[in-house]
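Have a look at the structure below, then the notes.
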Amino acid sequence: MIQVYNTLTKRKEPFVPREPGRVRMYVCGPTTYNYIHLGNARALVVFDTVRRYLEYRGFRVFFVQNFTDIDDKIIKRAAEEKMDPRELALKYIEAYFEDADQINIKRADVHPRVSDHLPEIIELISLLIDKGFAYVAEGDVYFAVRKFPEYGKLSGRQLSELRAGARVEPGENKKDPLDFALWKKAKPGEPSWSSPWGEGRPGWHIECSAMALKYLGPELDIHGGGSDLIFPHHENEIAQSEAATGRPFARYWLHNGFITVKEEKMSKSLGNIFLLREVMEAYPPSAVRLFLLSTHYRSPLAYTPEYLEGAAKALSRLRSSWLFLLEAQNQAEEFSGGAEQLARLDEWEQDFAAAMDDDFNTARALALFFDLAHEINSWAELRPLPPAPVLRRALSLWVAFNRVLGLFPERRGLPVVEQERTEVIEDLVKLLVEIRQEARQRKDWATADRIREELKNLGIILEDTPAGTRWRWA
RNA sequence: GGCGGCAUAGCCAAGUGGUAAGGCAACGGCCUGCAAAGCCGUGACUCCCCGGUUCGAAUCCGGGUGCCGCCUCCA
């Protein structure tokens with residue numbers, strides 16, 4: 001049974017979706033006014049992995065992740081760059097997919113954009129006004145927080161405590177400082193849409209409620225996001241959605257911890273952000289993904305370049321075990337036996353599931369993956385090799401672990417553990433290896449080493465093994 | 001001030017009350033012409049400190065210290 005930590009109850013609970021075998025899941029996606037940074041990437045990788053694991057466990061997952069493409073920050077940034085706000089948003093949506101694909105994030109079933117859902121948003125706001133939870137004030141619409149008695153249940157706050165922090169910006173017409181905007185009256189020059197309350201645009205929180213309700217219905221199974229969204233964003237989503245539907249909005253609220261840099265939260269306001277694409281220029285995406293899964297998702301995670309350096313090396317253990325398995329498949333003897341090894345592999349599978357069942361403990365799962373790789377690598381020293389059934393079973397486990405953790409992308413169902421080799425490169429390297437081999441035979445080490453050294457400079461590592469010389473990408 | 005979290009080897013990190021996973025780094029060895037990769041082996045007399053519960057605690061309880069986060073846009 002999968003146990004998940006639910007922010008709403010502050011406990012680990014058995015995961016029971018509303019409908020058996022199906023999971024409806026919503027994760028707050030990026031506001032598209034910049035390239036995504038490592039912090040965004042953590043949320044993406046964490047919930048992508050949650051989704052992958054649920055699928056591994058046989059759930060049919062319907063996954064929705066939005067783009068916030070209408071927002072104050074987009075408008076501001078567009079003005080700075082003298083671009084149309086819609087164009088700016090589109091540019092970063094495209095960039096989002098480039099980055100997310102690199103780091104092996106599966107596409108959501110739906111990626112709804114705010115700009116495509118104005119009718120749904122307006123309808124939801126109207127409903128809230130009709131039900132008396134919201135009010136119109138000079139072209140703005142606000143949610144009356146005090147009308148929703150359960151306000152604060154997610155973030156564990158009392159209305160009385162919140163009072164101190166709340167404030168009214170100049171130009172706002174709130175009746176109560178705690179109220180928040182559902183609809184903002186347009187200022188001249190800003191993108192706007194017509195509504196029963198005049199020209200304007202949606203507030204930040206209402207979009208997620210509207211889109212989640214549209215695609216997933218009134219009661220989601222999982223709602224996720226970074227823990228900085230707990231308050232006010234998710235608290236407000238609950239208020240809006242539950243006020244509108246009268247039903248619990250989400251059964252399980254999952255929140256990931258932050259990335260820290262030098263003991264401080266990585267955040268835009270502190271200016272200490274690292275863009276994902278910058279980091280991926282220096283380190284392979286699989287290393288970044290390994291880094292992001294190396295700590296339990298709710299714990300803080302410290303970013304250091306040294307760590308990624310190490311992660312990249314750690315991956316080579318996994319890589320070599322995979323390459324061994326692929327090769328060994330062809331050489332293995334088709335005899336039965338290996339019952340003991342098969343039993344051990346079964347145990348591995350169970351331990352892996354137990355780790356992930358426990359609130360998606362990827363650190364533990366990763367440790368098991370490394371254990372498995374280590375075991376497989378030790379077979380490489382064995383003669384004879386383990387029997388074919390054992391190798392097949394190990395291979396299928398390897399694929400399964402990788403598929404859940406998403407470390408290496410797959411092509412035609414098989415993990416791709418290294419950069420693509422084109423036929424031309426393959427042939428060129430083969431040629432140089434042959435020349436080097438001739439040099440080695442006449443003990444011309446200078447030439448042999450020169451070829452290896454120069455190829456290394458080009459990112460190609462030669463490895464001499466008893467079976468001949470192999471090459472791989474650095 | 002209110003609320004929440006964390007303190008485990010040089011670094012990162014898991015850990016169900018029963019005797020400390022895994023990764024990086026380091027050091028021996030095997031393999032190699034030398035390498036690389038991989039394999040074999042070596043690490044915490046102990047889990048921030050002090051008390052307590054228990055036959056037994058890194059794990060539970062109380063107190064202390066230190067660090068971080070949220071309460072305002074932020075994944």
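Quick caveat, the model's predicted, so the values are computed rather than measured. Order of the sequence lines fixes the chain letters, A, B, ..., with proteins taken first and strands second; residue numbering starts at 1 for each chain. Just so you know, these numbers use all the heavy atoms, side chains as well, and skip hydrogens, waters and symmetry mates.
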task: Look at all strands and tell whether A:Ile230 reaches a base, only sugar-phosphate, or nothing, counting heavy atoms closer than 4.0 Å.
output: nothing
query: Which value, in whole Å, describes the distance between the C1' atoms of nucleotides B:A25 and B:C11?
result: 8 Å
Contact list for RNA chain B against residues 89-111 of chain A - heavy-atom distance below 4.0 Å: none
query: A:Tyr303 has an atom OH; how far is it from atom P of B:A75, in whole Å?
result: 19 Å
task: Can you tell me, in whole Å, how much space there is between the C1' of B:A21 and that of B:G33?
output: 39 Å
- request: Assign A:Gly39 to base, sugar-phosphate, or nothing according to its heavy-atom contacts below 4.0 angstrom with the strands shown.
  value: base
Complement of B:U42, any strand, by Watson-Crick or G-U distances under 3.5 angstrom: B:A26
query: P atom, B:G10 versus B:G5: distance in rounded Å?
result: 28 Å
message: Let's test this: given Watson-Crick or G-U wobble pairing with both distances under 3.5 Å, identify the partner of B:C67.
response: B:G5
- request: Would you verify whether the NZ or CZ of A:Lys12 falls within 45 degrees of the ring axis of A:Tyr5 while also being under 6.0 Å from that six-membered ring's centre?
  value: no
query: Under 4.0 angstrom, heavy atoms only, what part of the nucleic acid is A:Phe258 near: base, sugar-phosphate, or nothing?
result: base
field: Any pair counted as ring pair (Phe, Tyr, Trp, His ring centres under 6.0 Å), so long as it reaches residues 451-474 of chain A, sequence neighbours left out
entry: A:Trp471-A:Trp473
- prompt: In whole angstrom, what separates A:His234's NE2 from B:C3's P?
  reply: 24 Å
- request: Output all residues satisfying side chain to side chain donor-acceptor pair (under 3.5 Å) with A:Glu190, sequence neighbours left out; order by chain, then residue number.
  value: A:Arg201
- prompt: Do A:Asn173 and A:Tyr142 pass the side chain to side chain donor-acceptor pair (under 3.5 Å) test, and can you show the C-alpha distance, the side-chain angles, and the key distance before you say yes or no?
  reply: CA-CA 9 Å; A:Asn173 300 295; A:Tyr142 294 99; 4.8 Å; no
- line: Protein-proximity profile, nucleotides 30-40 of chain B, B/S/- by nucleotide at the 4.0 Å heavy-atom cutoff, equals ---BBBBSBSS
message: What is the distance, to the nearest angstrom, from the CG atom on A:Leu372 to the C1' atom on B:A21?
response: 15 Å
statement: Any strand, both distances under 3.5 Å, Watson-Crick or G-U wobble: B:U16 pairs with none
Rounded P spacing from B:A9 to B:G1 in Å: 30 Å
message: Under 3.5 Å for both donor-acceptor distances, Watson-Crick or wobble: does B:C47 have a partner, and if so which one?
response: none
task: Give a yes or no on whether the ring-centroid distance for A:His37 and A:Phe274 is below 6.0 angstrom.
output: no
task: Taking the six-membered ring of A:Phe63 (Phe, Tyr or Trp), confirm whether the NZ or CZ of A:Arg24 is under 6.0 Å from its centre and within 45° of its axis.
output: no
statement: By the Watson-Crick or G-U definition, both distances under 3.5 Å, B:A21 is matched with none
- prompt: Going by heavy atoms closer than 4.0 Å, what residues in residues 250-257 of chain A are next to RNA chain B?
  reply: A:Asn256, A:Gly257
- request: Mind calculating the distance between NE2 (A:His205) and P (B:U72) to the nearest angstrom?
  value: 11 Å
- request: Determine, stepwise, if the pair A:Arg277 / A:Asp99 fulfils salt bridge (Lys or Arg N to Asp or Glu O under 4.0 Å).
  value: CA-CA 6 Å; A:Arg277 49 177 61 202; A:Asp99 290 348; 3.1 Å; yes
query: Quick one: are the ring centres of A:Tyr151 and A:Phe143 less than 6.0 Å apart?
result: no
message: Testing A:Leu407, A:Leu318, A:Leu372 one by one against A:Phe401 for a side chain to side chain contact (heavy atoms under 4.5 Å, CB included), which residue passes?
response: A:Leu372
message: Can you measure A:Tyr35 atom OH to B:A75 atom P for me and round it to whole angstrom units?
response: 17 Å
- request: Evaluate the side chain to side chain donor-acceptor pair (under 3.5 Å) criterion for residues A:His117 and A:Tyr215: first the C-alpha distance (whole Å), next the side-chain angles of each, then the deciding distance (0.1 Å), finally the verdict.
  value: CA-CA 11 Å; A:His117 294 79; A:Tyr215 293 102; 2.7 Å; yes
field: Distance, C1' atom - from B:C48 to B:G66, rounded to whole angstrom
entry: 8 Å
field: Spacing of the C1' atoms in B:C39 and B:G62 (rounded, Å)
entry: 50 Å
- prompt: If you look at every strand shown and take non-hydrogen atoms under 4.0 Å, does A:Lys73 touch a base, only sugar-phosphate, or nothing?
  reply: sugar-phosphate
field: Between A:Thr469 and A:Asp464: side-chain donor-acceptor atoms closer than 3.5 Å
entry: yes
field: Pairwise C1' distance, B:C73 and B:U59 [rounded to whole Å]
entry: 40 Å
B:G63 to B:U42 separation - C1' atoms, rounded to the nearest Å: 40 Å
task: Determine which nucleotide pairs with B:U54, using a 3.5 Å limit on both distances of a Watson-Crick or G-U wobble pair.
output: none
message: From CG of A:Leu405 over to P of B:G22, roughly how many Å is that when rounded to an integer?
response: 17 Å
Options B:G22, B:C73, B:C71, nucleotide nearest the side-chain atoms of A:Arg157: B:C71
- request: Can you establish whether the number of heavy atoms outside A:Lys10 located under 6.0 Å from its atom NZ is more than 12?
  value: yes
task: Could you let me know what B:U59 is paired to, Watson-Crick or G-U wobble, both distances under 3.5 Å, or none if it's on its own?
output: none
field: Distance-only polar pair, side chains of A:Ser209 and A:Glu237, donor-acceptor under 3.5 Å
entry: no
Criterion side chain to side chain donor-acceptor pair (under 3.5 Å) on A:Tyr56 and A:Arg52, from CA distance to verdict: CA-CA 6 Å; A:Tyr56 171 79; A:Arg52 285 163 175 269; over 6 Å; no
query: Between A:Tyr35 and A:Asn40, does a side chain to side chain donor-acceptor pair (under 3.5 Å) hold up when you go through it step by step?
result: CA-CA 10 Å; A:Tyr35 298 109; A:Asn40 298 310; over 6 Å; no
Pi-cation contact, A:Phe231 with A:Arg157 (under 6.0 Å, within 45°): yes
statement: Contact string for nucleotides 4-16 of chain B, one letter per nucleotide 5' to 3', B = base within protein heavy-atom range under 4.0 Å, S = sugar-phosphate only, - = neither, reads --------SSSS-
message: Rounded to whole Å, how long is the line connecting atom CG of A:Asp228 with atom C1' of B:C73?
response: 10 Å
- request: Starting at atom CG of A:Leu44, determine the distance to atom P of B:A75, rounded to an integer number of angstrom.
  value: 10 Å
message: If you assign each of A:Glu263 and A:Pro232 to its closest nucleotide in RNA chain B, which residue comes earlier from the 5' end?
response: A:Glu263
field: Test log, rule salt bridge (Lys or Arg N to Asp or Glu O under 4.0 Å), inputs A:Lys76 and A:Asp71
entry: CA-CA 9 Å; A:Lys76 191 171 160 235; A:Asp71 177 86; over 6 Å; no
message: Partner lookup for B:G33, please. Criteria are Watson-Crick or G-U wobble with both distances under 3.5 angstrom; report none if nothing qualifies.
response: none
